[in-house]
Amino acid sequence: MTTKACIASALVCSLICSVLCASPYRKKFLKGNIADKIQAVKEAAASSDNIFIGEALDFAVATHDEIGDDRDLDQLLESSIRFLDIKVLPPDKKEKASRNLEKAFRTFSSQSVRSAVLDMFAADLSPGNLEAVNAFVAARAQEEADNPGKDTMDPLVEKSLGILQEHGNRVSFNIMFIADLMDVWSSHRKLLEDSFAPLAAGAENEILKITDSAGTAQRLKILSIIASNAGIPKKIKGKVAEKLLSDQINSARDEKGVFASKEDALLYARSVSLAASCRWTRSAQDIADSFAIASKSYAWGLLDTDCFCTLIADMAQVSCPDTGRFLSHYLDSLNNDMKSGAVPEEAVVLSVIKALGGLGDKAAFDYLLSVTYLDYPSDVTDAARLALAKLKW
């Protein structure tokens with residue numbers, strides 16, 4: 001007899017040992033067919049005999065080890081799961097039932113059985129159970145990644161995400177975040193992002209590690225995911241922005257004082273935007289100091305006008321004492337261009353003027369005043385006068 005057969009036999013013998021004082025449903029379970037066994041479980045539930053139901057669960061899982069998938073056995077297991085109140089079991093029996101549930105989830109292929117197990121996990125989840133759900137979601141995510149364009153999420157995955165949202169750990173976060181980054185289940189992105197958002201606070205190091213190892217294109221995706229997810233703490237958003245800004249600035253300094261590509265310039269601009277959105281003042285000095293790189297990159301065509309204008313506005317939102325000075329000097333250069341006949345982009349001039357007005361730095365006075373004397377369109381000169389009125393003296 002094989003080891004598995006011995007285990008199943010031992011379980012039956014264990015039940016037989018109590019037959020002399022057995023209740024009718026115990027006798028029915030021992031003597032009857034699958035339908036009788038299922039009925040016995042129902043009768044045990046009516047008597048709140050959770051220990052017996054746990055034994056029936058144990059029997060079904062052990063028998064599956066011996067005979068494999070079987071529709072009748074699936075029904076017995078599902079009934080045992082659905083009628084079991086695992087919370088009232090003694091500690092040793094609860095632990096055994098929990099292990100059996102984990103094993104059933106991993107080894108039974110029946111969707112209904114797995115769904116029943118997930119319902120049980122939602123109410124009472126052990127570390128081993130969580131590991132099983134993590135492994136299941138990771139495996140399904142890999143299957144989707146290996147079949148691009150399929151983009152299907154079966155109900156078991158959806159139910160598993162709900163459990164991870166409530167009970168997940170850093171491993172859970174990693175699995176779901178990387179799946180999102182890889183565009184797995186893209187038509188279910190909101191569900192995926194809602195599921196990992198509550199876990200982000202405990203996964204700061206994981207987010208920073210993923211960001212650190214990603215290339216520029218992936219970093220842009222990370223920024224997009226993080227920036228748009230209200231459930232991710234501002235502290236984490238700020239640290240990611242700070243990390244990316246530092247990397248992009250250092251990289252540009254190693255080049256010719258400009259970003260290496262349009263993609264790199266865009267990553268810098270969006271990092272500034274993220275820092276501004278969460279008022280991450282720790283990056284204010286870096287942003288101000290790197291404005292020369294940003295303006296040169298704009299002049300070289302690495303940043304388009306709209307993006308550069310947004311960057312200027314964001315820069316003013318997370319300012320330091322040097323911000324007004326750098327923007328004032330840039331406005332001076334724009335005024336000099338205007339004097340020489342090289343008319344600057346009106347949108348850029350307006351962005352600088354509005355930013356200086358918002359900052360209220362009196363160092364901008366001479367440069368704003370010069371705007372009113374030059375041949376700018378009236379909306380530019382009007383904006384300069386308004387900004388002058390906002391300066392703090």
Side-chain angles (χ1 to χ4, degrees), residues 102 105-106 111-112 114-123 125 127-241 243-244 267 270-271 273-274 277-278:
E102 177 189 343
F105 186 73
R106 291 181 184 273
Q111 293 281 96
S112 60
R114 283 180 158 182
S115 181
V117 173
L118 287 172
D119 288 338
M120 184 70 79
F121 285 171
L125 190 73
N129 299 158
L130 175 58
E131 184 180 331
V133 178
N134 280 338
F136 172 72
V137 174
R140 288 298 174 90
Q142 188 61 58
E143 289 174 12
E144 290 293 321
D146 292 340
N147 295 278
K150 186 180 177 184
D151 194 24
T152 57
M153 179 184 284
D154 69 49
L156 289 181
V157 173
E158 189 170 344
K159 188 174 283 191
S160 296
L161 293 181
I163 291 171
L164 296 184
Q165 179 178 3
E166 186 72 22
H167 304 288
N169 55 16
R170 290 180 296 177
V171 175
S172 314
F173 177 88
N174 259 12
I175 292 166
M176 294 186 285
F177 189 80
I178 291 173
D180 194 19
L181 194 57
M182 294 172 62
D183 290 323
V184 172
W185 300 309
S186 57
S187 63
H188 302 272
R189 176 161 280 124
K190 186 178 186 307
L191 173 62
L192 191 60
E193 294 181 355
D194 286 348
S195 297
F196 67 64
L199 309 179
E204 178 181 317
N205 289 337
E206 281 67 24
I207 295 172
L208 292 172
K209 285 177 184 177
I210 292 170
T211 301
D212 190 50
S213 63
T216 301
Q218 291 287 2
R219 286 182 166 195
L220 281 166
K221 279 189 176 182
I222 291 170
L223 271 180
S224 177
I225 291 169
I226 291 176
S228 63
N229 196 318
I232 296 178
K234 287 186 177 181
K235 177 185 175 183
I236 293 178
K237 293 182 178 184
K239 286 188 174 183
V240 170
K243 162 67 179 169
L244 294 177
L267 178 57
R270 289 187 177 171
S271 299
S273 184
L274 180 59
S277 70
C278 52

Side chain [X], main chain [Y], donor-acceptor under 3.5 Å:
X: Ser224; Y: Lys221; value: no
X: Ser277; Y: Leu274; value: yes
X: Lys237; Y: Asn229; value: yes
X: Thr211; Y: Ile207; value: yes
X: Ser115; Y: Gln111; value: no

| task | Identify whether the distance between the nearest side-chain nitrogen and carboxylate oxygen of Asp119 and Lys159 falls below 4.0 Å. | result | yes
If you measure from [atom1] on [X] to [atom2] on [Y], what distance do you get to the nearest 0.5 Å?
X: Ile175; Y: Phe136; atom1: CD1; atom2: CZ; result: 11.5 Å
X: Thr216; Y: Leu267; atom1: OG1; atom2: CG; result: 6.0 Å
X: Glu131; Y: Glu102; atom1: CD; atom2: CD; result: 6.5 Å
X: Asn169; Y: Asn134; atom1: CG; atom2: CG; result: 5.0 Å
X: Asn174; Y: Lys209; atom1: CG; atom2: NZ; result: 9.0 Å
X: Gln142; Y: Asn147; atom1: CD; atom2: CG; result: 10.0 Å

Between side-chain atoms of residues 190-197 and protein atoms elsewhere (two or more places apart, or another chain), which donor-acceptor pairs fall under 3.5 Å?
residue, atom, partner, partner atom, Å
Lys190, NZ, Asp194, OD2, 2.7
Ser195, OG, Leu191, O, 2.7

Are [X] and [Y] packed together at the side-chain level, in the sense that at least one heavy-atom pair is separated by less than 4.5 angstrom?
X: Leu161; Y: Met153; value: yes
X: Arg219; Y: Asp212; value: yes
X: Asp180; Y: Trp185; value: no

| message | side-chain contact (heavy atoms from CB on, under 4.5 Å) for Val133 and His167? Distances and angles first, verdict last. | response | CA-CA 10 Å; Val133 178; His167 304 288; over 6 Å; no
| field | Contacts of Glu166 that satisfy side-chain hydrogen bond (donor to acceptor under 3.5 Å, both in side chains) - sequence neighbours left out | value | none
| query | What pairs with Lys235 under side-chain hydrogen bond (donor to acceptor under 3.5 Å, both in side chains), at least two apart in sequence or on another chain? | reply | none
[X] [atom1]: over 12 foreign heavy atoms closer than 6.0 Å:
X: Lys234; atom1: NZ; answer: no
X: Arg170; atom1: CZ; answer: no
X: Arg114; atom1: CZ; answer: yes

For a quick test of reading the model, state the closest non-hydrogen atom pair linking [X] to [Y] and the distance between them.
X: Leu199; Y: Ser172; result: CD1-CB, 3.9 Å
X: Phe105; Y: Ala132; result: CE2-O, 3.8 Å
X: Gly168; Y: Leu130; result: CA-CD1, 4.1 Å
X: Ile232; Y: Ile226; result: CD1-CA, 4.0 Å
X: Glu206; Y: Gly202; result: OE1-O, 4.2 Å
X: Ser271; Y: Ala241; result: O-CB, 3.6 Å

| field | Verdict with supporting geometry, Leu208 and Ile236, side-chain contact (heavy atoms from CB on, under 4.5 Å) | value | CA-CA 9 Å; Leu208 292 172; Ile236 293 178; over 6 Å; no
